Amino acid sequence: MKITNKIIENHGLKKDEYKNIQKFLKRDPNILELGIFSAMWNEHCSYKSSKVHLKKLPTKGKQVIQGPGENAGVIDIGDNDAIIFKIESHNHPSFIEPYQGAATGVGGILRDVFTMGARPIALLNSIHFGSPTHPKTKSLLNGVVSGIGGYGNCIGIPTVAGETKFNETYNENILVNAMAVGHAKKDKIFYSKAKGINKSVVYVGSKTGRDGIHGASMASAEFDENSEEKKPTVQVGDPFTEKLLLEACLELMKDNSIISIQDMGAAGLTSSSVEMASKGSLGIELELDKVPCREENMTPYEMMLSESQERMLIILEDGKENHARKIFDKWDLDFVVIGRTNNSKNLTLKFNGKVEGEIPIEALAEKAPVYNRKWIKKKLTKNKVNVKSLKKIKLENALIKIISSPNHSNKNWVTEQFDQMVMCDTAQRSGSDAAIIRIHNKDKAIAVSVDSSANYCKSHPISGGKQIVAENWRNLISVGAKPLAITNCLNFGNPENEIVMGEFAECLEGIREACEYLEYPVVSGNVSFYNGTNKKNIYPTPVIGGVGLIKKLTEPLTHCFKNFGSKIIIVGKTFGHLEQSCFLKEIHSIIDGKPPDINLLNEKNNGEVVLKLINDKLVSSAHDISSGGLIIALSEMSIGNKIGVKINKPHNLMNLTEYFFGEDQGRYILEINEENLKKVEKILKSNNTYYENIGYTQENFFEIDGEVKINTNELFKINNQWYNNF
Amino acid sequence: MKSSVIVFPGSNCDRDIAVALEKMQFKNQMIWHKETTLPKSDLIVIPGGFSYGDYLRSGAIAGKSSIINEVIKAANSGCLILGICNGFQILTETGLLKGTLLRNKNLKFINKDVYIKVMNTASRFTSKYQNNQILKINIAHNEGNYFTDKKHREELQKENLIAFKYCDESGNISQNSNPNGALDNIAGIFNLKKNILGMMPHPERMVDKFISNDDGVNLFSSLIN
Amino acid sequence: MKFSVTVTLKKDVLDPQGKVVQTTLKNLGFAELRSVRQGKFFEVEVDELDQRKAEIKIKEMCEKLLVNLIIEDYKIVKI
Amino acid sequence: MKFSVTVTLKKDVLDPQGKVVQTTLKNLGFAELRSVRQGKFFEVEVDELDQRKAEIKIKEMCEKLLVNLIIEDYKIVKI
Ligand SMILES: Nc1ncnc2c1ncn2[C@@H]1O[C@H](COP(=O)(O)OP(=O)(O)O)[C@@H](O)[C@H]1O
Ligand SMILES: [Mg+2]
């Protein structure tokens, strides 16, 4: 086949890029080689637009065992226990086929985690949909939620936390990010770096079909009117086979048979073999006739680019084939030696005894293109909203409107479709600030949460970037966990657009700053560009997934009030920042102005003090204040156990709307038993922490002095009705 | 007491039930479905999960496995058999328990804590509970909507073979407290000899106060006596 | 030889899935719709040249595995 | 007027269900079995006397709801 300009373009390669291919090969590529270059050089695999910025993120710390660069990040939680975790996007496939797209997203991220030797112990997700009234939203939400559940429930790993958000910006490009967290022994972690020559390269798992060919390139292109045509590239997931693959891999990992192991994710056999060889500075030769195929007459091109799910590539120690084969036979999975390592530093592909393709590994990996794309700084608005000029609305009515809105309604409709309890170590399920998972057979636990704030990131990317890290940190603190490290999924528009690239660079700058200051390193992550349609880019939506440690799990701390007559205090200062707040958006449709500032010094101090109070068992419930401000956070604490509050108006002359709906950062609400109050105040004072006594819990009514009085049953009902019509 | 937990490809509550059994002092063994004989045991448990991916019908494929013949033999000689969730579905597919489990009436997977009422304490599985005791217990299934024919329905009533019914917090049994559409709110049933119990809720998830509650403990302590 | 096997719920068994499909179609504006019942469909191919013998085999497959006779009916048709 | 609609996975799409059913039937001793593919079946009844019009309607139902055109094919037959 002659390589025409059209073919090059269809493979998503630019003219310059093609010239480089010719240079590396010292000849024209054939179609197989072109396909392989296109798969390895696209945005999804090469990180060509993001690399220069990602390098700036802090990735080190004494808790970090493995930072970015492997299948997932690894952190140390003591006693030879390690936690392995990562988040990944499956946005484009999920928009085309929501059920399978979301399901295979979960399957893919699970493989990233168990390929490193971890037993997955928790799944999380961050899902963003368009406006609830958009005609596609309902079926997309239905499909995505049942796809996430369908995969996780079947494989038997609890889905314990996440976020579900709606915003017009995702009307034609939803976001589906899945995060997996696993547990391994620190001295039993597996990496993808190949070692030694003439070692067997083994294919295990499902057979290869024609599904998902060029899935990775699809994830690197914008949608347009013709995206319907790209449909057949959707992969279908088989959680049942993944369960077998998981058990078989973990069984084989018990001894020392494996030199290196890599899941076949995006760009399947191509990226897995190239990555292993590249990391080990080796060559690899594959005999493609041996690849187990599901369909007849598959070509080398199709085999190398297929994204069939539930497959792994393993490099075995000498003489371990039979032992390994027995294990995969037991689990009814394919096991075939399809190639060998060598020292040629080439990827060599044979088919029917003939060499069909030969490419220097270096050209596919280290030498892949890297772009320092043009970007422009965000012009910030200085607009302040004058509250006095806004149309008057009663506090109570605004509260009701917000907690019954799609974004603030109770998410049980979503989370009840996920098995949250399987494995019997979920100490805290969805619904609180973070989920808590006990380490099996131990008395320690981890806390996990995912967070994003696209509105903040849109209006001020640096503050937004800082804010999501801080909010994620706060969510872990609120359940009594010490935050250890994060993973991040960076969902952005078209990187060739200077504004988008600016949002990316500046969000990352914010993330970097917060992570550095909070000593909260990034250990893994994923970038998803080209989210948007016809030149309309989504809001910048970085998603942060955090993991924290609870050294000794006793009663898990929830955000729901526990007793009548407890004191309620706010830690952190309330200034009443309304711009970019949920209040202005939901009530007045104002999306102008900049988001609240992040004072990292206060953030850290407040968080550390709250964590100390929780660890000293002085707190009955805790909740961070985020979207919606003080009043929404209070109402969430009331709704759980239907325990009301009596809240005073602020002492100072602050405007009530600003006080109750302002979204100032670094704040927590704590429920404190009367007898602990003195002790708590002493600790707060001695740490120079600003706090306010704002009232106490009571029976029956959610009450703010003369402004709001709602029965707690009513409050519960209002918060729980939106999804009923769904 | 000796127990055996049968593990099918796709079972995923096998470890959970084993932990619960061991906590309750059972001497437990895991039995891979390809085994052709069963060790002598007092209790055989078929755990929850998605055996064979729930393909075709939940429990259908596992119900045809070779180890199931051994389970049937053991059941006929009086061995105690407990099927939880997918285990219940498998037991109905083998015919050891009558009826079947249809899709939940809302056509969605449901995971939540529900209340069930103990309907009969005169069995090896429920003797440590009080009659009409209300338990808070976790369910997690796609197909838990119990259905059976008229004749069997009458037999269930007459012979007192209903073990648990879904109810609300205060014990009312109604459509409002029926999470999945099950006939007569049935959450679990015995066979005629009451040596077999199939139930949709997960007692093994309720044996640890840090994780949930201990409402499931008495099921296992009933058995150990 | 190829056969189609269609498996449907017995008349007296509630078909929640069919019902939901039916209401959804009505809501989509298909006023002329009278009823929908949902079932399973299998395309089974066997190495057997004698149609009668093949049908017996397939019937056996149905009764042994494909069909839950408590709630389902089935029909075999050569295709 | 009654129609049967059979919905099957497109040829290139993974059919894990069919695969499991096939191996199980083999294990049960059906050596002559060559292949099984599983799909969905709908029995749709419409108040429409003109067959051509009815078929158009049902085709619309398929494309709008019953069939996932990305991974499934379908066939409408009058019964
Ligand atoms: N898609 C989802 N999957 C699992 N849990 C979810 C999902 N969406 C929301 N939740 C849960 O609902 C609760 C409320 O979410 P959110 O308002 O985003 O919390 P926060 O503001 O504390 O981050 C959290 O416990 C979260 O884990
Ligand atoms: Mg929170």
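In what follows, chains are A, B, ... by sequence order, proteins preceding strands, each numbered from 1. Everything numeric in this text was worked out from a predicted model, so none of it was measured.
Counting only heavy atoms from C-beta outward, the side chains of M1(D) and E45(D) never approach each other to under 4.5 Å. Between E43(C) and V36(D), every side-chain heavy-atom pair lies at or beyond the 4.5 Å cut-off. A heavy-atom distance below 4.5 Å is not found between the side chains of F3(D) and V77(D).
Heavy-atom distances place the side chain of F30(D), and not its backbone, under 4.5 Å from chain C. At a 4.5 Å heavy-atom cutoff, the contact between T8(D) and chain C is made by side-chain atoms alone.
The most heavy-atom pairs under 4.5 Å with chain C, out of M61(D), E48(D), E60(D), come from M61(D). Chain C forms more heavy-atom pairs under 4.5 Å with one residue of K64(D), K2(D), E32(D), R37(D) than with any other, namely E32(D). Residue with the most contacts toward chain C among V7(D), I58(D), L28(D), L33(D): L33(D) (heavy-atom pairs, distance under 4.5 Å). Ranking S35(D), A54(D), A31(D) against chain C, the residue ahead of the rest is S35(D), based on heavy-atom pairs under 4.5 Å.
Crowding of L49(C) atom CG: a count of heavy atoms from other residues, nucleotides or ligands under 6.0 Å not exceeding 12. Counted within 6.0 Å of NZ on K78(C), heavy atoms from surrounding residues, nucleotides or ligands total more than 12; the atom is thus considered enclosed.
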The test is side chain to side chain contact (heavy atoms under 4.5 Å, CB included); show your working for K10(C) and D73(C) and say whether it passes. CA-CA 6 Å; K10(C) 287 194 174 148; D73(C) 289 328; 3.4 Å; yes
Would you sort out whether T6(C) and K75(C) count as a side chain to side chain contact (heavy atoms under 4.5 Å, CB included), showing the intermediate values? CA-CA 5 Å; T6(C) 49; K75(C) 215 163 104 186; 3.6 Å; yes
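Panel note: side chain K57(D), backbone R52(D); no donor-acceptor pair is recorded below 3.5 Å. Side-chain atoms of D15(C) come within 3.5 Å of backbone atoms of Q38(C) as a donor-acceptor pair (strictly under, hydrogens ignored).
Within residues 17-26 of chain D, the residues having any heavy atom less than 4.5 Å from a heavy atom of chain C are, in residue-number order, V21(D), T24(D), L25(D).
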